[in-house]
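Before any comments, here is the structure.
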2 protein chains.
Amino acid sequence: MNTPLYLQVADALRAEINDRTFPPGAGLPSEREFMDRFNASRNTVRNGLKKLAGEGLITSSQGRSYRVVERQVFTLNTSRFENLQFSNPEAGDSYDNEVLQAGREPRQEFRVQLVELPEEVAERLGVEPRSSAVLRYCLRYVDDTPWSTQATYYPKWLVDDHPRLAEPRDIEEGTTRYLASRGIDQIGTLNEAEVRMPSPVESRELDMGTGVPVLIWTRTAYASDHPVRCTISTFHGNLNRLTWEQGDLNALGQTEEPLR
Amino acid sequence: MNTPLYLQVADALRAEINDRTFPPGAGLPSEREFMDRFNASRNTVRNGLKKLAGEGLITSSQGRSYRVVERQVFTLNTSRFENLQFSNPEAGDSYDNEVLQAGREPRQEFRVQLVELPEEVAERLGVEPRSSAVLRYCLRYVDDTPWSTQATYYPKWLVDDHPRLAEPRDIEEGTTRYLASRGIDQIGTLNEAEVRMPSPVESRELDMGTGVPVLIWTRTAYASDHPVRCTISTFHGNLNRLTWEQGDLNALGQTEEPLR
DNA sequence: AAGTGGTCTAGACCACGTA
DNA sequence: ACGTGGTCTAGACCACTTC
């Protein structure tokens, strides 16, 4: 059986993107030009282009021509990230530090909310589903591009004992150090990574085109034997990568640059 | 401005999927029925359905009705995974062990190839781009569903010294233990996680529908101060999750089940 | 003003799955 | 045989961007 016309369009164009006939960032011919080239109707051409958009290779927007997607990946070292949050003697946000170190400009929009715990979070925190909690949420930018979100949930029992967690502004020394100063030492975290397509809300918030997945990083932090917080970061999949070390790599220098 | 008709279709149906009017695995009404319900042409209805498919919420195939996607997540503990590979005294593949422990049936298709190193891999192994290497590749199934692929690259200098790496069959004690027995001790790994949409090849190999991303796990293993292998696992994004621990969680029991 | 992609229609025929 | 989704056409009008 012949391959459908719209797939021929997609395959041809995909090949041209891969061999850099159309390099990342480049504009593509218009739909009308593709109609001529492939002797196809406009909808058929659009169908092929939509296929490539679904693969995350091209984007489109009204009034402008299709463009080849550029991936520009920021690498976040999760081991260092958590360490900084606690052991770095100077104050300062660990996210800001990571971004500044990469020579980029960080910005954050921050808010605090009282919420009902989502089921997955309640499970990780070992409390009743739908019980209440404090959510400390921020939307993070790099060079004015929305980059990721971070949502940290603190269970009610913890907030009752340590009320500054509910304050609707930054805690200057950091929440982890604040809790440590009050006898709650976070001894380690359980980390999870998963992927999916963004919901429309996430898609709007992170300004994601079609065909761009999100990377979800979930950290459950423990104090002695019980969880004290659950942090869920949602990353624009074209812009982020997570790293961590296992075993004893201390002997090695920092061999990789943080931003590629 | 009014929201376009096809988005009204998508939004209405998305809401009905979220509130479990159509639970995971359920079949949906046909396109013709949606045409009546929304007073829309077939292409408009299809446009809305394609939107939801792009979000990974529904799938379609010729001859059958649209169905709501089921996510069934297998959790792979990367810390335990690497440890087993080395320290477990009984022989046996660490992947098989993980799957069997979850009460599922593993299967693998395996092959060995001589290849030119892809640029990203050469960089991680600290060798010249396009230099040659041995690739040990496998496609992994769980209960006969293609689940993930694993590609391990060994640089030529290492293979020359330890020729069994190039044998086109399983090394029974495991490659890591084979190398250890010859004085190459892997002291730790640098782990990376990223996400993207699958290429058509990956999509076919892992039997992925539209709107399903892949999770890429890259491990670079070091012996004393230099890398000796680079392993790239590609996971069906709807079926897999990675976990790892940071800090000292040894005191805690295994609180989470490996399969959800 | 001209060109681009976005939305929408009405109809046709095909390929696949199920009964 | 029938119902399903898959492919394709021809044409219309709109909204946005660029000049």
Side-chain angles (χ1 to χ4, degrees), chain A residues 1-14 17 22 25-69 200 203-204 207-212, chain B residues 1-14 17 22 25-69 200 203-204 207-212:
Chain A
M1 175 56 196
N2 278 336
T3 76
L5 190 44
Y6 83 96
L7 283 182
Q8 294 179 36
V9 175
D11 291 345
L13 189 48
R14 188 188 303 107
I17 290 171
F22 300 111
L28 296 181
S30 71
E31 293 175 347
R32 274 82 172 176
E33 291 176 84
F34 281 122
M35 290 170 67
D36 290 345
R37 173 172 167 193
F38 291 98
N39 250 304
S41 74
R42 181 153 173 240
N43 278 332
T44 297
V45 167
R46 283 177 65 78
N47 211 341
L49 291 167
K50 195 166 282 189
K51 179 90 178 359
L52 293 188
E55 292 173 19
L57 294 179
I58 63 177
T59 54
S60 63
S61 51
Q62 222 172 30
R64 278 179 314 202
S65 67
Y66 288 80
R67 274 180 314 128
V68 181
V69 167
S203 194
R204 195 179 56 248
D207 192 22
M208 307 179 72
T210 44
V212 183
Chain B
M1 178 53 197
N2 278 337
T3 77
L5 189 44
Y6 83 96
L7 282 183
Q8 294 178 35
V9 175
D11 291 345
L13 189 48
R14 188 189 302 109
I17 290 171
F22 300 109
L28 296 181
S30 70
E31 293 175 347
R32 276 79 171 178
E33 292 177 83
F34 281 122
M35 290 170 66
D36 289 345
R37 173 172 169 192
F38 291 97
N39 251 304
S41 75
R42 183 156 171 238
N43 277 333
T44 298
V45 167
R46 284 177 66 79
N47 210 340
L49 291 166
K50 193 166 283 190
K51 180 88 178 1
L52 293 187
E55 294 173 18
L57 294 179
I58 63 178
T59 54
S60 63
S61 53
Q62 222 172 29
R64 276 179 316 201
S65 66
Y66 287 81
R67 275 181 313 126
V68 181
V69 167
S203 194
R204 195 179 55 248
D207 193 22
M208 306 179 71
T210 44
V212 183

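Proteins come first, then strands; the chains are lettered A, B, ... in the order of their sequence lines, and each starts at number 1. These values consider heavy atoms only, across backbone and side chains, with no hydrogens, waters or symmetry-generated copies.
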For the side chain of [X], counting heavy atoms from C-beta on, which of [options] is nearest?
X	options	value
Q62(A)	dC8(D), dT4(D), dG6(C)	dG6(C)
Y6(A)	dG6(C), dT7(D), dT4(D)	dT7(D)
S60(B)	dT9(D), dT4(D), dG6(D)	dG6(D)

- Message: Reading DNA chain D from 5' onward, which residue's closest nucleotide shows up sooner: G63(A) or N39(A)?
- Response: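 First, find each residue's nearest nucleotide; the 5'-ward one identifies N39(A).
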
Below 4.5 Å, heavy atoms only, C-beta onward: do [X] and [Y] meet side chain to side chain?
X	Y	result
F22(B)	I58(B)	no
F34(A)	L49(A)	yes
Y66(B)	L52(B)	no

Distance in angstrom units between [X] [atom1] and [N] [atom2], rounded:
X	N	atom1	atom2	value
L5(B)	dT7(C)	CG	P	11 Å
I58(B)	dT4(D)	CD1	P	15 Å
Y66(B)	dG3(D)	OH	P	18 Å
E31(A)	dT17(D)	CD	P	16 Å
L7(B)	dT7(C)	CG	P	6 Å
N2(B)	dA15(D)	CG	P	11 Å

- Query: If you look only at pairs with a residue in residues 4-13 of chain B, which of them pass as a side-chain hydrogen bond (donor to acceptor under 3.5 Å, both in side chains), with sequence neighbours excluded?
  - Reply: D11(B)-R14(B)

- Member of R37(A), K50(A), R46(A) meeting the salt bridge (charged side-chain N to carboxylate O under 4.0 Å, His left out) criterion with E31(A):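 Among R37(A), K50(A), R46(A), the one that satisfies the salt bridge (charged side-chain N to carboxylate O under 4.0 Å, His left out) with E31(A) is R46(A).
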
- Message: Once hydrogens and angles are ignored, does a donor-acceptor distance under 3.5 Å link the base of dG5(C) to the side chain of R32(A)?
- Response: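 In this structure, the two groups form a donor-acceptor pair.
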
- Message: Which residues pass the side chain to side chain donor-acceptor pair (under 3.5 Å) test with R204(B), not counting sequence neighbours?
- Response: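 Counting only residues at least two positions away or on another chain, R204(B) forms no side chain to side chain donor-acceptor pair (under 3.5 Å).
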
- Task: For DNA chain D, determine which residues of residues 40-55 of chain A have any heavy atom closer than 4.0 angstrom to one of its atoms, and list them numerically.
- Result: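 Hits under 4.0 Å, by residue number: A40(A), S41(A), R42(A), N43(A), T44(A).
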
- Do side-chain atoms of S203(B) reach the backbone of M208(B) as a donor and acceptor pair under 3.5 angstrom?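 Checked: pair present.
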
